[in-house]
Amino acid sequence: MNELDLRQVERRYGGATGAGSAHPLDSARRCRRGDEIGSGINPRCSQPSARDGRDHCTCLRVFLVDKYPAFRAGIRVGMESVPDMDLTGEAPTGEQALRALEDDPRLRPDVVLADLQSSGMTESVFLRAAGELSVSSPMRLLVLSGEGTDDSVITAMSAGAHGVIGKTAPWDELMRAIRLVAAGGAVFGPVVAARMPVYFSAVREVCGQSAFPELTAREREVLDLLARGHGNREIARRLVLSEKTVRNHVTHIFAKLQVHDRAMAVARARSAGMGQ
C-alpha cells in the first residue's frame, strides 16, 4: 500500500476514530501486510468465541472480505474505535476467507461483511460453504455492493444474503447495518430500498419465464396484464397493439397453457407470481 492509498483511507475513515485512539494513518501503516488472510485481527477478539463452547467474547464479531487492501485497511482502522465490535479477520477473496474460517474456528464471526462479486465467488456458494462450517450458529452475510446494479442486488437477495449496502455508505450507516444483521434483521441501504419495486417486478418476470417457458416474451406480457385484470382493449393500448393482435395472443396463450378460458389462464398466471 503506497502513501496515496493510505491518505485516501485517512480521508474516508479518519472521522470514525474516537478521542485518544491511534491516528488512522498510523494504524494503516502498521497493517501494510493487508493482503494476508486474517491480517490486522483486533486483539480484543483473539480469545475463543462462544461458537467453540468456551470463553465468551461479548463483542460483535465481524469478518471482512474485499479484494482491495486500502478498503480493508479503512474498515480495520475504523473498527478499532468501536468498543462493542471486533474484526476477527479478513481476506481478499471468498475462497481464502472460507479456508481461513475452516482452519481457525476462533475467526468465525457473527457477520461476514463481504464484496464477493469482486473476488469471483457468488453469494450462494459462499453461504452454502459457510453454513457447513458453522451449522449450530450460522454466519450472517451483509453484502458490500460496489457496482450496485440491479442484477447484483437481486442475485445477493436470492442467494439468502441478510442485507445489501453500498461500499460508499457513511460509516454510521454501515455500523447500524452490521448490528441489525447480527441481531437477526435484514438491511438494505437507501438506494437499494428505493429500487425495491423494480426488484420485485424482476422477480415476477423471472417467475413467469420459468413457469411458462413455452410462451413468447410478448405472450408473457399479455398474460401478466390479463392477470392484473385488464381487458383486451386496455392491453392493446398499453402494448401499442391492435385488439385483433391481442386476441390472437390470448388464443395462443390458452392453447399453450391448455386452459379453456380467461379465468383459468389468470389463475395459472397468479399462482406463478404474475399479475401482482
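The pair Arg228-Asp224 meets the salt-bridge criterion, since a charged nitrogen lies less than 4.0 angstrom from a carboxylate oxygen. Looking at Glu102 and Arg99, no side-chain N of the basic residue comes within less than 4.0 Å of a carboxylate O on the acidic one, giving no salt bridge. For the pair Arg237 and Glu234, the salt-bridge criterion is met [side-chain N within less than 4.0 Å of a carboxylate O]. Contact check on Arg140 versus Asp110 returns no salt bridge, with no Lys/Arg side-chain nitrogen under 4.0 Å from an Asp/Glu carboxylate oxygen. Between Lys256 and Glu214, no side-chain nitrogen of the basic residue sits less than 4.0 Å from a carboxylate oxygen of the acidic one, so the salt-bridge criterion is not met.
A search for side chain to side chain donor-acceptor pair (under 3.5 Å) contacts involving Asp104 returns Arg106, not counting sequence neighbours. Listed by chain and residue number, nothing satisfies the side chain to side chain donor-acceptor pair (under 3.5 Å) test with Arg128 (two or more places apart in sequence, or in another chain).
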- Query: How far apart are the C-alpha atoms of Val65 and Glu90, what are their side-chain angles, what is the distance that settles it, and do they pass the side-chain contact (heavy atoms from CB on, under 4.5 Å) test?
  - Reply: CA-CA 6 Å; Val65 184; Glu90 58 186 77; over 6 Å; no

- Task: I would like to know whether Leu174 and Asp172 meet side-chain contact (heavy atoms from CB on, under 4.5 Å); could you show each step before the answer?
- Result: CA-CA 5 Å; Leu174 177 60; Asp172 289 346; over 6 Å; no

- Message: Could you walk me through whether His249 and Thr245 satisfy the side-chain contact (heavy atoms from CB on, under 4.5 Å) test, starting with their C-alpha distance in whole Å, then the side-chain angles of each, then the deciding distance to 0.1 Å, before giving a yes or no?
- Response: CA-CA 6 Å; His249 283 312; Thr245 299; 3.7 Å; yes

- Message: One pair to check against side-chain contact (heavy atoms from CB on, under 4.5 Å): Leu144 and Leu113. What are the steps and the verdict?
- Response: CA-CA 7 Å; Leu144 287 164; Leu113 182 65; 3.6 Å; yes

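Considering all non-hydrogen atoms of both residues, Leu226 and Val266 come closest at O-CG2, 3.5 Å. The heavy-atom pair separating Gly163 from Leu142 by the smallest distance is C-CD1, 3.6 Å.
Note: Ile235 CD1 to Leu241 CG = 9.5 Å, rounded to the nearest 0.5 Å. Here the CG-CD distance, from Leu239 to Glu221, works out to 5.5 Å after rounding to the nearest 0.5 Å. Once rounded to the nearest 0.5 Å, the distance linking CZ of Phe126 with CG of Leu101 reads 6.0 Å. Taking CD of Glu243 as the start and CZ of Arg233 as the end, the distance is 5.0 Å to the nearest 0.5 Å. Atoms CZ and CZ, on Arg176 and Arg179 in that order, are 9.5 Å from each other to the nearest 0.5 Å. To the nearest 0.5 Å, atoms CE (Met175) and CE (Met85) are separated by 5.0 Å.
Although no hydrogens or angles enter the test, the distance criterion places no donor-acceptor pair under 3.5 Å between the side chain of Asp86 and the main chain of Thr88. Between the His162 side chain and the Leu141 main chain, a donor and an acceptor come within less than 3.5 Å of each other. For the pair His252 (side chain) and Asn248 (backbone), a donor-acceptor distance under 3.5 Å is present. In this structure, the side chain of Arg76 does not engage the main chain of Leu87 through any donor-acceptor pair within 3.5 Å. Formation of a donor-acceptor pair under 3.5 Å by the Thr251 side chain with backbone atoms of Arg247 is found in this model. Without hydrogens or angle criteria, Arg61 side chain to Arg108 main chain gives a donor-acceptor distance under 3.5 Å.
The shortest side-chain heavy-atom distance between Lys167 and Asp115 falls under the 4.5 Å cut-off. Counting heavy atoms from C-beta on, the side chains of Thr93 and Met121 never come closer than 4.5 Å. When side chains are defined from C-beta on, Cys59 does not count as touching Asp84, because their heavy atoms never get closer than 4.5 Å. Under the 4.5 Å side-chain criterion, counting only non-hydrogen atoms from C-beta, Val259 is in contact with Arg268. The closest side-chain heavy-atom distance from Leu116 to Thr122 is not below 4.5 Å. Side chains of Leu257 and Leu223 form a contact here, defined as non-hydrogen atoms less than 4.5 Å apart.
Side-chain contact, Asn232 with Arg262: a donor N or O sits under 3.5 Å from an acceptor N or O.
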